[in-house]
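Inspection log for the structure reproduced underneath, given as structure tokens.
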Amino acid sequence: MPGADGSLNVQVSPAITGRSIIRDGALVRDEWTWIDDDAPLPVLTRARDVLVSSARWRRDRAALLTRGGRVGVRLQTDELAASIADDVGHLALIEIHVHKFVDGRFYTTARLLRMRHGFTGELRATGDVLPDQLFFMRRCGFDSFELRQDKRVETALRALESFSVVYQGAEDQAPLYRRRALG
Amino acid sequence: MYRYDAHDQQLVNERVAQFRDQVRRRLSGEISENEFKPLRLQNGLYMQLHAYMLRVAIPYGLLSTAQLRALALIARRYDRGYAHWSTRQNVQYNWPKLEDVPDILAELAAVEMHAIQTSGNCIRNTTADHLAGVARDELEDPRPYCEIIRQWSTFHPEFAFLPRKFKIAVTGSSSDRAAVRVHDIGLRIVEDPDGPGARGFEILVGGGLGRTPRIARRVRDFLPRRHLLSYLEAILRVYNQYGRRDNKYKARIKILVDALGVDEFRRQVEEEWEHIRDSALELTDEELARVSGFFASPAYEALESSDAMIQGWALGSDRAFGRWVAANTRLHKQPGYSVVMISCKARGKAPGDITADQMDGVAEIADAHGFGQVVVTHEQNLVLPDIKSSELHAVWRKLEALELAEPNVGRATDIIACPGLDYCNLANARSIPVAQEISESIDDYDYLHDLGELTLNISGCINACGHHHVGNIGILGIDKQGEEFYQLMLGGDAGEDAALGKIVGPAFQRDAIAGAVRTVLDLYLARRESADERFVDYYRRVGAKPFKELLYARS
């Protein structure tokens, strides 16, 4: 359980095992199963929704699409939006693994997946995901986050609400100058 | 000037709360210094040699007197009674305590100021011509566009972690006082070549100083102004994806433009731009009108031209006043008014430093004789933009009393210098003592006056914070086996004829550099065609050879 000091004010199901994800302002259990590149695809009854690397996706695309469950792909920081653009219609989850939080390429990847390539599934950040960047990530189109393990969920949820005003347009809002004009 | 509405105020208030929370978590150990570093940098908080340094944003250099008084108050209450103007038209405090910074930010927010994005690998304070709004050669005031860019870039969620810092400058005049050609993006307001009356921007990209100095390349001849933000966003998006991140010294956009070639870079930007040009990023006429309205001219009195009177003073028998008028005033677009340049480069003082009392004094003058506004220049001086020419003598007297009447703006002792080894942990050599020594060696005001227009810039290391590449005379401090040496460069220019200076020859020892500068100045004075031939013009005509011969004659 996160929050060693017991100050966590989020309802967490005691049944949670494995990964916990911040989604819609709460900590929830992750329903996705990561499959290593060399592991066999699991039967549907054991794991319905599977997450694979982009290499595995390209290799086993047909098998993944016909097995019946949902498919997600994990991108590394250096895999930019164009690398998966043609496939987004088949995917229910795109996870971007943040290698180092200061390497900001993934913000553009996220925005392009949403606005250019029309990805409407879940867009998730994992890896070096820290509370103080979540606000920016969400504005760029991320809707779920796996916080780095040593970070406090409480801080992260607070950071998501850092600002009630934003100037520029992104994946959540139009630019303020268009909203100001409306009064 | 721009005034905050409820949205703008809410945003800076929330920033103060956010940073207060971040500092608390840092002090409690919840976040490591490595994680805190980019957070504090994006709030202008550096760790320097002896202490934290806080850099406060002054958007395009423009301050109200209320803001200037608040800066003075912060200098007294939280620092050692002084502050320092930076070359990005910002202000720096050298001795704040980390735990005080949230309170300082709250003081700033109360006067519509902040420290957002004054450091870090993000879009920095957008700079502008310091004579914006009052220059005679101005086509259009650049400040409304700077404010629009400020708002667009403030907490832009996509561009907070770029490969490297990113600097934008805007000018609306034919004379380039904003050094737009040595910025990551330089914007020049120009007329539409196809439709007179319509305005837009010439777009220059990939200029910069540092280890790999570059003059910006032209990416677009004309961009209609309504597309400003979509085009900036396209440039930033290409850079954020493809700029190098493996080596911080190769990470600026100039290196990407070099690597791709300007034609391929332009193709990628234009391709991205085609996707977004007709999106919500397109500026609305209402927004342009709303922001421009804040920069309308003040209520000038209808007066006769004062040009002849000013000329008379400059050449007149009161030499102290005349020298000051000649060096420290500029012709104003409005008849009967003058622009006053306040030198923060007094002899023997650290260039760009100002005391709290001086700040209060300048605020008093701006209220009594102007319209309550002061501008910080990227040369680390101040401007009183709207002074009635008939009051120049009174203003000069007051500035003299404040020790702010050094008659040297745009002259050889108006030195741009970085903090250097005395303050900065990157520096290889001292900058400020060298600047002081040079300005003390030019102890004769007639000699200084005679030298005329000349820029002299000093950096304490190759990161070039003192802009040595674009000084007519540039000095770079280097380290040779633990000893400070200084390279001398000539011919640099940050203006519309932008050029990078060239190294004259072997570097000089610490005790020889001021003498070498004097040799250069004496040679120019002795050999120029006339007083109308500026130092940089003379250098362009004759090249480095005569300087080289004289400087290295004995070796």
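This one's a predicted model, so the numbers in the text were calculated from it and none came from an experiment. In the text below, chain A, chain B and the rest are named by the order of the sequence lines, each starting its count at 1.
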>> If you count heavy-atom pairs within less than 4.5 Å of chain A, which of R15(B), R245(B), R237(B), E233(B) leads?
In response: R245(B)
>> Does any backbone or side-chain atom of F101(A) lie under 4.5 Å from a heavy atom of chain B? Answer side chain, backbone, both or neither.
In response: both
>> Applying a heavy-atom distance below 4.5 Å, give me the residues of residues 3-14 of chain B that approach chain A, sorted by number.
In response: D5(B), H7(B), D8(B), Q10(B), L11(B), E14(B)
>> Given P157(B), which partner from the list M137(A), R138(A), Q168(A) fulfils the side chain to side chain contact (heavy atoms under 4.5 Å, CB included) test?
In response: Q168(A)
> Checking heavy atoms, do the side chain of I148(B), its backbone, both or neither come under 4.5 Å from chain A?
Replying inline: neither
> Is the ring centre of F155(B) less than 6.0 Å from the ring centre of F163(A)?
Replying inline: yes
> Does a salt bridge link R105(A) with E158(B), judged by any charged N lying under 4.0 Å from a carboxylate O?
Replying inline: no
> Rounded to the nearest 0.5 Å, what separation is found between the OH atom of Y242(B) and the OG1 atom of T108(A)?
Replying inline: 9.5 Å
> With a 4.5 angstrom heavy-atom cut-off, which part of Q18(B) approaches chain A: side chain, backbone, both or neither?
Replying inline: side chain
> Among A159(A), G169(A), S162(A), who wins on heavy-atom pairs under 4.5 Å with chain B?
Replying inline: S162(A)
> Any side-chain heavy atom of S153(B) within less than 4.5 Å of one from Y167(A)?
Replying inline: no
>> Does atom CG (D36(A)) have a neighbourhood of more than 12 heavy atoms from anything else shown, all under 6.0 Å?
In response: yes
> Between L112(A), V166(A), D150(A), D78(A), which shows the greatest number of heavy-atom pairs under 4.5 Å with chain B?
Replying inline: L112(A)
> How many angstroms lie between atom OH of Y177(A) and atom CG of L281(B), to the nearest 0.5 angstrom?
Replying inline: 5.0 Å
>> If I take atom OG1 from residue T155(A) and atom CD1 from residue I31(B), how far apart are they, to the nearest 0.5 angstrom?
In response: 9.0 Å
> Once you round to the nearest 0.5 Å, how far does OH of Y107(A) lie from CG of N240(B)?
Replying inline: 10.0 Å
> Salt bridge or not for R178(A) and E286(B), using N-O below 4.0 Å?
Replying inline: no
> Does NE2 belonging to H99(A) count more than 12 external heavy atoms closer than 6.0 Å?
Replying inline: no
> So which part of Q22(B) gets closer than 4.5 Å to some heavy atom of chain A, the side chain, the backbone, both or neither?
Replying inline: side chain
> Using the ring of each side chain (for Trp, its six-membered ring), is F136(A) parallel, tilted or perpendicular to F161(B), with breaks at 30° and 60°?
Replying inline: perpendicular
>> So H156(B) and R139(A), do their side chains get closer than 4.5 Å, heavy atoms only?
In response: no
> Given the options V291(B), L283(B), L162(B), which has more heavy-atom pairs under 4.5 Å with chain A than any of the others?
Replying inline: L283(B)
> Mind checking what makes side-chain hydrogen bond (donor to acceptor under 3.5 Å, both in side chains) contact with R114(A), not counting sequence neighbours?
Replying inline: D143(A)
> Does any heavy atom of chain A fall under 4.5 Å from the side chain of L236(B), the backbone, both, or neither of them?
Replying inline: neither
> Would a 4.5 Å heavy-atom cut-off, applied to side chains only, mark D132(A) and R25(B) as touching?
Replying inline: yes
> So which part of E171(A) gets closer than 4.5 Å to some heavy atom of chain B, the side chain, the backbone, both or neither?
Replying inline: neither
> If we only count heavy atoms from C-beta on, is the E35(B) to K151(A) side-chain gap below 4.5 Å?
Replying inline: yes
